[in-house]
Amino acid sequence: SHVLVSLPDPPKQSRYQPTRELLYTALTRAKQSVALFASEAQLAAALATPTRRHSCLERFLAID
């Protein structure tokens, strides 16, 4: 019922960057309270970063 979200400052070369979908999922799981630990810059970066999904679906749907 309580959610704690901590957005660390990951190295730029890290594949694991906080994303807005990750943040949304964490925040919407809370039933009573949320504690968010992040700088304004970290929060802004997470909100500006969409999740990138890597799949081959576009290759299978390509029509020649």
Side-chain angles (χ1 to χ4, degrees):
S1 62
H2 305 279
V3 173
L4 171 87
V5 180
S6 177
L7 296 180
D9 201 7
K12 293 294 181 196
Q13 67 271 19
S14 175
R15 292 181 0 175
Y16 304 103
Q17 300 291 325
T19 64
R20 66 176 165 228
E21 289 84 1
L22 177 71
L23 189 57
Y24 173 85
T25 299
L27 297 178
T28 57
R29 295 299 183 258
K31 301 291 186 224
Q32 291 185 343
S33 68
V34 173
L36 176 62
F37 294 91
S39 68
E40 285 186 43
Q42 292 165 328
L43 184 56
L47 293 173
T49 306
T51 299
R52 293 185 193 107
R53 303 202 191 301
H54 302 284
S55 72
C56 295
L57 184 58
E58 60 199 27
R59 294 171 88 193
F60 293 113
L61 297 177
I63 299 173
D64 294 322

L23 and V34: same hydrophobic cluster, using ILVMFWY side-chain contacts below 4.5 Å?
yes
Co-membership, hydrophobic cluster, residues V3 and L27, 4.5 Å side-chain
yes
Value rounded to 0.5 Å, distance of CG in L7 from CG in L22
7.5 Å
Note: Q42 and P8 closest approach over all heavy atoms is NE2-C, 3.4 Å
Shortest non-hydrogen contact between V5 and A26, atoms and distance:
CG2-CB, 3.7 Å
Among all residues two or more places apart in sequence or in another chain, which pass the side chain to side chain donor-acceptor pair (under 3.5 Å) test with E21?
T51
